[in-house]
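Note that this is a predicted model, so its numbers are computed, not measured. Just so it is clear: chains get the letters A, B, ... in the order the sequence lines come, proteins before strands, and each one is counted from 1. Both backbone and side-chain heavy atoms feed into the values below; hydrogens, waters and symmetry mates do not.
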Amino acid sequence: MVTETATVPAPAPALPVKTVRVVSRNWGKPNSHTLPSYRDSGGYKLWEKTVKGQGLKPQELIDTVKAAGLRGMGGAGFPTGVKWGFLPKDNPKPRYLVVNGDEGEPGTFKDRYIMELDPHMFIEGCMLSSYAINAHVCYIYLRGEFLFQVKRMEAAIDEARAAGLLGKNILGSGFDLDIHVHRGAGAYICGEETGLIESLEGKKGQPRLKPPFPAVVGVFGCPTIVNNVETLTHVVPIVEMGAEKWKALGKNGAPGTKLYGISGHVNKPGVYELPFGSTMRELLEFAGGVRDGKKLKAIVPGGASCPLLLPDQLDTPLDFDSIKKAGTMLGTACAIVMDESTCMVRAIARLLKFYAHESCGQCTPCREGTHWLAKMLTRIEHGEGREQDLTLIDEVANNIMGNTICALGDAAAMPTISYFKKFRHEFEEHVKTGKCRFGEHEVAPRQVTIGP
Amino acid sequence: MPTLKIDGVEITVPPGTNLVEAAKVAGKDIPIFCYHSHLSIAANCRMCLVHGSQNGRPWPKAMPACQTLVADNMEIDTCSEKTQAVRKGVLEFILINHPLDCPVCDKSGECMLQDNFFEHSNRPSRFHEYKEQKLKTYDIGPQIIYDGERCINCTRCVRFMDEIALDNQLAQINRGDRSVIACAEGKQLDHPYAMNTVDLCPVGALLGKDFRFQKRAWFLQHTDSVCPGCARGCNVVIDSARLENEVYRIKPRDNAAVNGPWMCDDGRWTYHQARERRLTQATVRQDGEHKAVAVDVALRQAATLVRLHLGKPTLAVAVSPHLTSEDLYLAASLQKQLFRASTYAVTGHAPWKGDNFLKVSDRNPNRRGAAAIHDALGLKDVLDGNALLTAVESGKVKALVLIGTELPSADFDRLKAAFSKLDALVVLASEKDAAAQLADVAIPVAAFTEMEGLWVNAFGRVQRVRACVPPKGDAQPAWKALRGLARQLDVNVRQADHRDLVVDLAREVPLFNNLTHESVGAFGVARGAETSAPRKVGEGKLPEDFTLPA
């Protein structure tokens, strides 16, 4: 049980001056999560203007977002404006905006700071987006562990509602909108958009078959747009400064700014807002370099599901297309840095334990394959590997890859293939010597001594 | 209509057809587990993954054939090495936690997992870890045992309960390889159609307690027949063992016009009445005691008893709507020519409530056939079972010939009191029921698993009942026993064998015009405009007050 005291808000990360503060511009201000503070910095002016019909019309909003080249920040990188355009024009059913705040990807922690430190900017993003797609109900789906964030979001929504920014006939404009916060039960698979929708409907969180996509048949069978928290927050500066100006903030051909997270063996882990398209090396510099002056071994660029980025690829720009060329993915853009003291076998074995635990059990390859890989990798790490396991790892991972209903299977298979390909010698060494060079590890089940 | 190529075979199928069905048209087989033509698509087993191309561009990955719909310029390969490699991978995954207890599993021999494994993989497992242990021999319902380790989580059973039975009794619980099928806490799988989940289960995870440990599947022979449980006449397969000549179970057989691939649980247990409590020897009552005698002796005794009442108001003849139309035709002809009884009745079980899915309220499979025959032969004032019992109870009937003993009342005391007013009771019975026990002469006849003939269901569909085992003991088809009785009464029945009866029936009774057993075939022939197709996914709703018939 998560208690109140255990979830005091993390202090605002100390941000280097050189970052571009656009979506994070209010972070660190006193009481930045409250409505007065957000209003002081000009917040909700845009929404008031838009909802009264003095600003952009819905279609203009969609076009602006399209022109800005905003892409989904939850991992898949699908162009947001294009997604909004998929809503069927002639469907009489209500439309819903669902915000994916599950943030379940291991190593990812950017959305939570938005919700903790500037919930109102996010809410304004939801409002503008709902207005653009003509949705009158917006659900914010947060992971079960986000108890503090849920409270902060609910408090912020209450403030906005009390100020007349939400509810029926907002500011006399005739436009209705309400936002509801829904707390999940702590399942990684509910970060997958259709699994999220099932969970939101009160069912077991198992991804749906696609097609139909949520834009056509989504929550409660109605057309639904599912967007990430950060994606919707970016809508505010885009509309504020215009597509061209926002786009120009980026580097190396990528548009706008991006919240990059970095954790692991670095001196200053945290969330940094940098121009989109900054290189891995720049991000690492912001994070103060590798911990204790050790040598860099590998980086997972965007959440645990991504294949590895090696030290010689540090100059790869962190945007969706460039990083794809480097053989990995941007994912959630929250990097995990591993230094030379990391055992890659242990790392991937631990990772697979996570995926095996979180596999929803719906389709065969993921349900059985993730557990097989987890057991096999753990066995190798414990020094009981066999020669034939070295070919088996690759084959099992490839049998999962691409054969599952949702991307969880791929998310487990991709890092396995990547770790194995790039650090095969470590796997071979474990099998040959029956030992781990990086020292002892916990043997499960852990021995507990009771008494003195 | 989209035209596509499956393994080079060009076919044109209606739009909206999925690739599994399209492959059947092309004469190809795509292996499946979770796909069922009468349930929604789950695409969770991934067995039907196939590679293919669209407009010459190969698909980026293998697609599930059950979920993918046909399109123009599509090419599918169902047996290339690439597709087979995917299948092998999936089968290997399915089997890693499977207990491989085929030697003690009742599904063995008719298991889709066995079939698909030997057909598409047939290689030893490379799994070196410990297997997950899950729910084993779990009592999931009054009729059904669940084995979580054998379960491949295809969710066919869950979808059946949700979509066809309309009672969400099952769900998949837990995650990952700990996933199992379960009921809500304190609930059980006790729906009156629950046994369909056992038929649907592609492996031995859901097994009926009735058939469990009874017979290996490869000893069973399958006979296409019709269920006698109610007037819908669900098409069934009766599984019997060759060596013992015993019936072991009844399973539904897909007939879209009658029952789809489903049947109710009550229908499945009907074979017990043909197996147990059988009257296998003719009995004659002498000095208040039943004595087993040869059938001829019993027939002679019956003739002696009945002869006194022939053509008199004291004689009553009653036929059961469980008999075949041929039996009923012969009985009606004899009534006209020989018995000339003033009381002629069609008995049959009392109706039950029925439901809005398959069960109809009349529990007798051939009442409609009996009515058609009696109309055609001009029999007037045919009573029903209750009127017959009232007539017997009033004492005006002195001799009763019961051809088939399905009566509206099974109350032994009531029947005893009624029949005690009779001077003579002759029954042709398949079961040692109340009437057979109270009879002066009881002659054993075939049960529904032992007779050949035609039934007409409540919707006017003529269907064929087939014998799957020979009659037990001295039992014989009812028409043969009737013919024997007529001979003892010095009337020679014109029809020499069953075939002649069918020909006469087809000629004399309009409902059966131009029909032979062969033309009726396994799926029956509709006579009349009434339809009776069962509901499909998304149709219908069980009433709130729905309860099991007592």
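Classification of A:Lys375 and B:Glu132 as a salt-bridged pair holds, one side-chain N sitting under 4.0 Å from a carboxylate O.
Contact of B:Tyr130 with chain A is made through backbone and side chain together, with heavy-atom distances under 4.5 Å. In this structure, the portion of B:Ala42 lying under 4.5 Å from any heavy atom of chain A is its backbone and not its side chain. Residue contact with chain B, scored on non-hydrogen atoms closer than 4.5 Å, involves the side chain of A:Leu392 exclusively. With a threshold of 4.5 angstrom between heavy atoms, A:Glu358 approaches chain B through its backbone and through its side chain. Of the two parts of B:Ile41, the backbone and the side chain both hold a non-hydrogen atom closer than 4.5 Å to a non-hydrogen atom of chain A. Neither the backbone nor the side chain of A:Ile189 has a heavy atom closer than 4.5 Å to any heavy atom of chain B.
For the set B:Val90, B:Asn174, B:Thr155, the entry with the most heavy-atom pairs within less than 4.5 Å of chain A is B:Asn174. Ranked by non-hydrogen atom pairs under 4.5 Å with chain A, the options B:Pro60, B:Ala62, B:Cys45 are led by B:Cys45. Between chain B and the options A:Gln388, A:Met401, A:His357, heavy-atom pairs under 4.5 Å are most frequent for A:His357. Comparing B:Leu49, B:Ile173, B:Ile96 by heavy-atom pairs within less than 4.5 Å of chain A, the highest count is held by B:Ile96. Contact count against chain A (heavy-atom pairs under 4.5 Å) is highest for B:Asn153 among B:Val86, B:Ile94, B:Asn153.
For A:Glu198, the side-chain contact (heavy atoms from CB on, under 4.5 Å) criterion is met by A:Glu201, A:Lys203, A:Arg208, not counting sequence neighbours.
Residue B:Lys24 places its NZ atom among more than 12 non-hydrogen atoms of other residues, nucleotides or ligands, all under 6.0 Å distant. Summarising the local packing, NZ of B:Lys131 is surrounded by more than 12 heavy atoms from other residues, nucleotides or ligands at distances under 6.0 Å. Applying the 6.0 Å contact sphere to NZ of B:Lys136 captures more than 12 heavy atoms from other residues, nucleotides or ligands. The environment of B:Arg123 atom CZ is dense: over 12 non-hydrogen atoms of other residues, nucleotides or ligands sit within 6.0 angstrom.
Separating the NZ atom in A:Lys204 from the OG atom in B:Ser179 is a distance of 5.0 Å, to the nearest 0.5 Å. To the nearest 0.5 angstrom, B:Cys66 atom SG is 7.5 Å from A:Leu209 atom CG. To the nearest 0.5 Å, the span separating CD1 on B:Ile152 from CD on A:Glu368 amounts to 10.0 Å. Expressed to the nearest 0.5 Å, how far SG of A:Cys366 lies from CZ of B:Arg46 amounts to 10.5 Å. Taken to the nearest 0.5 Å, the CZ atom of B:Arg126 stands 10.5 Å off from the CZ atom of A:Arg386.
Residues of residues 405-418 of chain A having a heavy atom under 4.5 Å from any heavy atom of chain B, listed by number: A:Ile405.
When all heavy atoms are compared, the tightest approach of B:Arg175 to A:Ala187 is NH1-CB, 3.3 Å. In terms of heavy atoms, B:Phe93 sits closest to A:Thr364 at CB-CG2, 3.8 Å.
Listed for the B:Arg178 side chain is no donor-acceptor partner under 3.5 Å among the backbone atoms of A:Gly361. Here the side chain of B:Gln67 pairs a donor or acceptor atom with the backbone of A:Lys210 at under 3.5 angstrom.
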